[in-house]
Amino acid sequence: MTEKKVRTRFAPSPTGSMHIGNLRTAFYAYALSKHEGGDFILRIEDTDKKREVEGGVQEIKNILTIFGINWDEYYLQSERLDLYKVAAEKLVKDGHAFYCQCEAKNAKQEGFSSQLRDSCRDKNFTSGAIKLKVPENEIIKFRDFVLGEEIEWKTEIVFDATLLKSDKFPTYHLAVVVDDHATSVSHVLRGHDWLPSTPIHLLVYKYLDFKIPQIGHLTDILDPDGGKLSKRKGSTSVTGLLEEGYLPEALFNFVILAGWAPKDNRELFSLEDFVNVFDASGFQKSNPIFNRDKLDWFNGQYIRKTNDSELTTRILKFYKEKYPEDLIEKIVPLIKDRITRLSDFDTLAGFFFKESEVDKNLLGDNFDKHLHAALETLLTIKDFNNSQMNDKLLETVKNNNFKTGDFFMDLRIAITGKKMTPPINESLVILGKEETLKRIKQVLKSTN
RNA sequence: GGCCCCAUCGUCUAGUGGACUAGGACGUCGGGCUUUCAUCCCGAAAAUCCUGGGUUCGAAUCCCAGUGGGGUCACCA
């Protein structure tokens with residue numbers, strides 16, 4: 001009964017549109033706690049006012065909600081400034097930090113900086129930014145629960161990091177330690193890029209006399225061209241991917257499997273499945289490459305799993321109600337197996353809404369005979385419905401000794417302007433008699 | 001450059017000293033189904049387990065070095 005509750009947090013900063021790798025961290029942190037019936041905390045790290053983006057906080061909340069991630073507690077660092085200030089001043093008082101009045105270096109210097117010890121560390125100023133007084137000749141280490149390794153550094157290579165900026169806002173190094181402690185976070189899960197600054201945090205924990213939580217560093221998702229995932233190859237922002245027509249379920253499934261794997265190599269996971277089977281030993285140690293083909297495959301899988309009325313709604317919303325719902329509903333069964341992204345709906349089903357130009361070169365040698373025969377047959381059908389359409393047209397093919405494939409291909413092209421389309425007879429039914437005949441006549445007329 | 005992490009088919013991975021003639025998935029190629037394209041089904045190719053040394057009766061699995069990839073070195077997170 002004294003077991004400590006697993007509490008994790010997702011701590012993004014509202015500095016731009018959320019990156020897919022960032023979202024992955026949220027999924028992992030969520031599953032880590034929820035698998036144990038623990039708590040998941042959302043903490044906004046808005047301590048850099050200069051970089052903060054308008055609406056950034058709302059976007060983070062919206063995205064988590066879209067993916068079904070709910071948080072048990074919520075914190076905004078800018079509302080907790082006193083906490084950090086007290087902690088920083090305590091460190092100064094105890095001799096583990098000092099005031100610095102140097103001019104701020106607020107951008108990365110050219111080349112590699114090597115000035116690890118700050119010139120103000122022994123000047124005993126009583127105001128200014130507060131920096132950590134890193135000790136000499138100490139070994140600082142921890143066991144990373146993702147890597148499963150003990151990692152250590154000599155304090156000689158740790159720099160006197162700024163803890164509290166002169167604007168009284170904390171830096172990440174201070175805020176992360178103070179908040180994780182204050183909110184009883186048991187497991188810290190974060191990007192690989194934080195590994196090098198972990199010794200700073202470890203020192204702060206020690207000097208503040210806080211218990212160190214479990215800390216784990218996740219892999220980075222890499223760009224197919226090398227380096228960290230970048231925007232060169234299309235969007236990597238979550239909203240961008242959503243706008244490309246990817247389903248949240250597919251994005252979720254794809255991204256959790258980039259950096260984590262189950263023992264049995266299972267592929268399809270809902271959020272609930274993932275929480276159920278989650279096991280931290282499944283974390284990978286090496287960086288995965290963003291594989292769009294695999295994402296596309298997942299998306300196709302989920303489109304097929306979605307029931308027709310739900311898919312109709314999603315397409316309706318995706319196109320911001322540009323197309324009428326009743327028509328989408330009829331078309332959905334025809335395109336469901338044929339699209340990999342919602343955005344494919346346009347290219348595959350566009351002809352239903354807008355007459356497409358017919359390239360005569362696409363038509364076969366006997367298109368004239370084919371289309372005349374089709375026209376004649378279609379004219380006799382009073383009520384356009386699937387079974388009748390199929391029977392009559394097939395009968396026409398037989399009676400005229402046409403080649404079935406060639407006949408339907410010409411009809412297909414005349415109606416849609418394309419060689420790759422949904423099933424043609426079913427499409428004609430949806431299109432209706434009037435429109436169908438009109439299009440066939442038009443092609444016949446323009447090719448004469 | 002210093003420091004740190006990592007290394008199994010093109011890609012994501014299973015594998016935790018003997019069951020590995022290294023398994024699965026995506027992609028690719030071939031076939032089936034079929035009035036197109038897809039879906040679906042079947043099959044194939046694809047991995048010197050990065051290299052070199054050890055340890056061991058035995059190594060993809062443990063150790064060391066090299067090489068390669070990644071990260072990081074701000075009053076940004």
Side-chain angles (χ1 to χ4, degrees), chain A residues 11-15 45-48 50-51 100 102-109 111-116 128-131 144 146-149 151-154 156-159 161-167 169-173 175-176 190-199 217 219-220 222 224 226-228 254 257-267 281-282 284-298 300 304 334-340 344 348 390 393-394 397 402-413 416 418-425:
Chain A
S13 50
T15 52
E45 310 224 320
D46 58 339
T47 56
D48 186 351
K50 294 179 291 276
R51 295 204 313 152
C100 170
C102 296
E103 207 177 314
K105 290 184 292 179
N106 52 13
K108 199 170 180 177
Q109 304 291 107
F112 317 104
S113 31
S114 51
Q115 205 60 31
L116 264 25
I130 294 178
K131 294 188 177 181
D144 189 294
V146 168
L147 299 170
E149 298 285 335
I151 301 167
E152 60 174 52
W153 296 267
K154 293 190 177 79
E156 277 62 48
I157 60 100
V158 181
F159 75 107
T162 300
L163 267 16
L164 197 72
K165 298 179 252 181
S166 42
D167 64 2
F169 273 73
T171 61
Y172 176 87
H173 306 306
V176 70
R190 62 190 2 173
H192 217 154
D193 47 341
W194 287 113
L195 192 46
S197 45
T198 301
H217 293 92
T219 51
D220 287 325
L222 264 30
K228 275 217 261 189
F254 167 72
L257 253 24
W260 179 88
K263 300 280 170 260
D264 61 1
N265 261 326
R266 174 179 170 184
E267 300 264 17
S281 72
Q284 296 308 125
K285 298 182 187 179
S286 63
N287 298 333
I289 293 171
F290 188 87
N291 183 348
R292 207 166 259 270
D293 284 335
K294 188 89 184 219
L295 207 208
D296 284 343
W297 177 76
F298 275 119
R304 260 143 251 142
L334 304 191
I335 51 91
K336 195 169 170 177
D337 284 347
R338 283 162 239 267
I339 61 175
T340 63
D344 293 333
L348 206 57
N390 217 43
L393 253 19
L394 243 22
V397 168
F402 290 152
K403 289 184 89 172
T404 314
D406 293 348
F407 172 79
F408 282 106
M409 184 50 87
D410 283 334
L411 181 56
R412 178 188 315 283
I413 292 165
T416 71
K418 291 188 178 127
K419 291 185 116 169
M420 294 178 252
T421 74
I424 191 61
N425 293 345

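A, B, ... follow the sequence lines: proteins, then strands. Residue 1 opens every chain. Quick note: numbers below take in every heavy atom, side chains included, and nothing from hydrogens, waters or symmetry partners.
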Side-chain ([X]) to main-chain ([Y]) donor-acceptor, under 3.5 angstrom:
{"X": "A:Asn287", "Y": "A:Asp220", "result": "yes"}
{"X": "A:Asp144", "Y": "A:His217", "result": "yes"}
{"X": "A:Thr219", "Y": "A:Gly259", "result": "no"}

Could you tell me the separation between the NZ atom of A:Lys294 and the CD atom of A:Glu267, rounded to the nearest 0.5 Å? 4.0 Å
Looking for any heavy atom pair under 4.0 Å, which part of the strands does [X] touch: base, sugar-phosphate only, or nothing?
{"X": "A:Gly259", "answer": "sugar-phosphate"}
{"X": "A:Ala129", "answer": "base"}
{"X": "A:Asn425", "answer": "base"}
{"X": "A:Asp344", "answer": "nothing"}
{"X": "A:Lys419", "answer": "base"}
{"X": "A:Thr340", "answer": "nothing"}
{"X": "A:Pro199", "answer": "nothing"}
{"X": "A:Pro12", "answer": "nothing"}
{"X": "A:Lys336", "answer": "nothing"}
{"X": "A:Thr421", "answer": "base"}

Between [options], spot the one nearest the side chain of [X], thanks.
{"X": "A:Asp293", "options": "B:rC75, B:rC26, B:rA7", "result": "B:rC26"}
{"X": "A:Ser286", "options": "B:rA77, B:rU8, B:rC5", "result": "B:rU8"}
{"X": "A:Trp297", "options": "B:rC26, B:rA77, B:rC4", "result": "B:rC26"}
{"X": "A:Ile289", "options": "B:rU11, B:rU36, B:rA25", "result": "B:rU11"}
{"X": "A:Ile157", "options": "B:rG24, B:rC75, B:rC3", "result": "B:rC3"}
{"X": "A:Ala104", "options": "B:rC6, B:rC75, B:rA77", "result": "B:rC75"}
{"X": "A:Pro196", "options": "B:rG71, B:rU13, B:rU35", "result": "B:rG71"}
{"X": "A:Met409", "options": "B:rU35, B:rU36, B:rC75", "result": "B:rU36"}
{"X": "A:Ser166", "options": "B:rG71, B:rC6, B:rC75", "result": "B:rC75"}
{"X": "A:Gln284", "options": "B:rG70, B:rU36, B:rU13", "result": "B:rU13"}

Between A:Phe254 and A:Phe290, is a ring pair (Phe, Tyr, Trp, His ring centres under 6.0 Å) present by the stated rule, with each step listed? CA-CA 9 Å; A:Phe254 167 72; A:Phe290 188 87; 5.2 Å; yes
Earlier contact from the 5' end, RNA chain B, for A:Ala258 and A:Trp194: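 Comparing both residues, the 5'-ward one is A:Ala258.
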